[in-house]
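We name chains A, B, ... by the order of the sequence lines, and we start the count at 1 in each one. None of the values given here were measured: they were computed from a predicted structure.
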Number of protein chains: 2
Amino acid sequence: MPRSVSPASLTPTPAPLGPDQPTMTHAEKIRDQLEHEIASGHLIPGVRLDESEIADRFGVSRTPVREAFRLLAANEMVELKGRMGATVRKPSAQTVIEMFQVMAELEGLCARLAARRVTPELRMRMERTHAQLVDASRKSDVDGFYDINQTFHETIYEAASNHYLAEQTRRLRNKTAAYRRRVTFQPNRFASTLDEHSRVMEAIFSHNEEAAHSTMRDHVNLLSDDMRDFIASFQ
Amino acid sequence: MPRSVSPASLTPTPAPLGPDQPTMTHAEKIRDQLEHEIASGHLIPGVRLDESEIADRFGVSRTPVREAFRLLAANEMVELKGRMGATVRKPSAQTVIEMFQVMAELEGLCARLAARRVTPELRMRMERTHAQLVDASRKSDVDGFYDINQTFHETIYEAASNHYLAEQTRRLRNKTAAYRRRVTFQPNRFASTLDEHSRVMEAIFSHNEEAAHSTMRDHVNLLSDDMRDFIASFQ
DNA sequence: TATGCACAAATTGTATACACTGCTGCCGTG
DNA sequence: CACGGCAGCAGTGTATACAATTTGTGCATA
């Protein structure tokens, strides 16, 4: 039986331990946790974030909570409305579509650079990840598919050798995570994704930059297309 | 005589009045002012930002200053180093090059969408802006050239009709402003820029999406090339 | 002279108290 | 009954005080 997708879970999962710096300030820990809860869907877009309530939940004062809000605000994960409080950002359907368009282009650039710079070692890792994805698809393992898919894209970021680009793309992926996650359910997306990934890999391995760029862009845009109806229902 | 470029000025200029909301919090005002001072070059990358000092300067307590730092941090204008203070972000030469590569792609996407959606009204505005740019070039008006060039790109963002994309591109332009500004000095860049803009416009007006994308991308990449030596000297 | 440790000063992180704003609900009036 | 104003409240913005950590300085020692 496939694991249930995270948003269905009732208790917030802890954020996957990040850099785990020993001197991590409270504000940063709260930021990471809230960001994770937003991306995973535990915090629904539009809900108000109460400073005192969250402060109590984490057992700290309002100060670090406020700082976490500011950090999240500039990441566009939450919206600050003056004295009217902070809310989980709820982009309009139009904005979500626009975000996907930008993401498609950034992912496309990643693929283009990957086609230029891919190494045999990375090629092997991509193929192995792809095989895992096929496996998850066979088992209808939704969560597994979602995670391995993430790894596949991460590997391409790495092959692109542009840390700044990787970071920006990763951020955008995270911002759209709450929306992408739902589409993973659609059974026909499994097959389509695998097929599209194959074409992207083929282009990258043959060092065909243009093809890598366009196939990856189309891959993300197709995802976007599949989501439009669903996105509209978000509003 | 050409006006001197801003970084040469000794006194920080006030931030150009933005949205100017009546209920603008201290933290937001400080953020805008500091962001402007960083982009204009008055605050040099790498310098430490002292909370108390800035608090005194703005006549407020440390609290709103700290919040402004957090807001700037997520915009990647400022780097927070735990208890070791905040500094104006100083990206490595490698990172600056990477930022330009991403910006080239985003500007390219703007041009692509503009080619698809440009209206006669916007075409007229672009041509008018271009004429102003030619004029500034003749007068060797460096600051004017810089500002009008900004307007030219803004017009393309508008033609692209993707607000999210426009915002992201604008941000990245702002982050690279301190570096781009220096290159404007180079006399040969005037002529090259005018020529490249002409080609971009031609592609956009003829609704040639691919050409619009690639000419704009090349335009930004050429700027990046002209900067590499200079960027290296920043370190 | 160079190195290591200890202590002091400076600076940031957090908590708490107060000020101010926007909202809610009630009441009076038309 | 509908509408407008006023008071009280809830919640954010700011200031200040205190705790924790980093950094710099000086001295002792090899």
Side-chain angles (χ1 to χ4, degrees), chain A residues 15 17-35 37-38 43-90, chain B residues 15 17-35 37-38 43-90:
Chain A
L17 275 58
D20 193 39
Q21 308 202 353
T23 51
M24 206 174 193
T25 177
H26 287 170
E28 287 166 343
K29 279 190 255 183
I30 294 169
R31 165 176 60 82
D32 289 352
Q33 179 62 32
L34 290 182
E35 181 168 340
E37 288 183 25
I38 293 172
L43 279 173
I44 311 299
V47 305
R48 171 113 179 247
L49 296 172
D50 188 284
E51 293 183 357
S52 306
E53 180 195 318
I54 294 178
D56 290 345
R57 199 180 116 204
F58 285 92
V60 298
S61 80
R62 278 174 50 221
T63 309
V65 175
R66 286 177 60 77
E67 302 205 342
F69 284 4
R70 268 63 190 169
L71 292 170
L72 288 165
N75 273 341
E76 296 168 35
M77 306 286 289
V78 312
E79 206 164 343
L80 302 175
K81 301 179 174 178
R83 287 183 192 273
M84 281 125 67
T87 58
V88 178
R89 189 172 175 226
K90 185 179 183 173
Chain B
L17 274 58
D20 194 39
Q21 306 202 354
T23 51
M24 205 174 194
T25 177
H26 287 171
E28 287 167 341
K29 279 190 255 183
I30 295 170
R31 165 176 60 81
D32 289 351
Q33 178 62 31
L34 290 182
E35 180 168 341
E37 288 182 26
I38 292 171
L43 280 174
I44 311 298
V47 304
R48 171 118 180 242
L49 296 172
D50 187 284
E51 292 182 358
S52 307
E53 180 195 317
I54 294 178
D56 291 346
R57 200 180 115 202
F58 285 92
V60 298
S61 81
R62 278 174 50 220
T63 309
V65 174
R66 286 175 61 78
E67 301 206 343
F69 284 4
R70 266 66 190 168
L71 291 170
L72 287 165
N75 274 338
E76 295 168 39
M77 308 283 291
V78 162
E79 205 163 344
L80 301 175
K81 300 178 174 178
R83 287 183 192 274
M84 281 126 68
T87 58
V88 178
R89 187 169 178 229
K90 184 178 184 174

Looking across every strand, which nucleic acid part, if any, lies under 4.0 Å from B/T25 by heavy atom: base, sugar-phosphate, or nothing?
sugar-phosphate

Rounded distance (Å) that lies between atom C1' of C/dG13 and atom CZ of A/F58
17 Å

Residue pairs fulfilling side-chain hydrogen bond (donor to acceptor under 3.5 Å, both in side chains) with at least one residue in residues 43-53 of chain A, sequence neighbours excluded:
A/E51-A/R62, A/E51-A/R66

If you pin A/T63 and A/A86 to their nearest nucleotides in DNA chain D, which one's is more 5'?
A/A86

Atom CG of A/D56 and atom C1' of D/dG11 are separated, to the nearest Å, by 13 Å

Side chain of A/R66 only, heavy atoms from C-beta on: which candidate in C/dT14, D/dA15, D/dG13 is closest?
D/dG13

D/dT14 C1' sits how many Å from A/R70 CZ, rounded?
11 Å

5' precedence on DNA chain C between B/L49 and A/G59 (nearest-nucleotide basis):
B/L49

Expressed in angstrom and rounded to an integer, what is the separation of B/R62 atom CZ from C/dT14 atom P?
11 Å

Distance in Å, A/L43 CG paired with A/L34 CG, rounded so as to fall on 0.5 Å steps:
6.5 Å

Tell me: CD of B/E53 to P of C/dT11, nearest whole Å?
9 Å

Rounded to the nearest 0.5 Å, the CD atom of B/E37 sits from the CD1 atom of B/I30 at a distance of 11.0 Å

note: A/K81, atom NZ; C/dC23, atom C1'; distance rounded to Å ~ 14 Å

Measure the CG-CE distance between A/D32 and A/M24 for me, rounded to the nearest 0.5 Å.
4.0 Å

Atom CD of A/E51 and atom C1' of C/dT14: how far apart are they, to the nearest Å?
15 Å

Grab the N/O contacts between the protein and nucleotides 20-22 of chain C below 3.5 Å, and write none if there aren't any.
unit_1 : atom_1 : unit_2 : atom_2 : d
C/dT21 : O4'    : A/R83  : NE     : 3.2

Does A/I44 reach the side chain of A/V88, with side-chain heavy atoms less than 4.5 Å apart?
no

Rounded to the nearest 0.5 Å, how far does CG of A/L71 lie from CD of A/E35?
10.0 Å

Please list, for nucleotides 5-10 of chain D, all pairs of protein and nucleotide N/O atoms separated by less than 3.5 Å.
none

Donor-acceptor pair under 3.5 Å, A/R48 side chain vs D/dG11 base
no

Got a sec, which residues hit salt bridge (Lys or Arg N to Asp or Glu O under 4.0 Å) with A/E79, two or more places apart in sequence or on another chain?
none

If you measure from CG on B/L72 to CZ on A/R70, what distance do you get to the nearest 0.5 Å?
13.0 Å

Between A/I38 and A/V78, does a side chain to side chain contact (heavy atoms under 4.5 Å, CB included) hold up when you go through it step by step?
CA-CA 9 Å; A/I38 293 172; A/V78 312; 4.0 Å; yes

B/L80 near the nucleic acid: base, sugar-phosphate alone, or nothing, with a heavy-atom cut-off under 4.0 Å?
nothing

From NE2 of A/H26 over to P of C/dT16, roughly how many Å is that when rounded to an integer?
13 Å

Establish, with yes or no, whether the OP1 or OP2 oxygen of D/dA15 is under 4.0 angstrom from a side-chain nitrogen or oxygen of B/S61.
yes

Please evaluate residues A/K29 and A/F58 with respect to the criterion side chain to side chain contact (heavy atoms under 4.5 Å, CB included), reporting the C-alpha separation (whole Å), side-chain torsions for both, the decisive distance (0.1 Å), and the verdict.
CA-CA 10 Å; A/K29 279 190 255 183; A/F58 285 92; over 6 Å; no

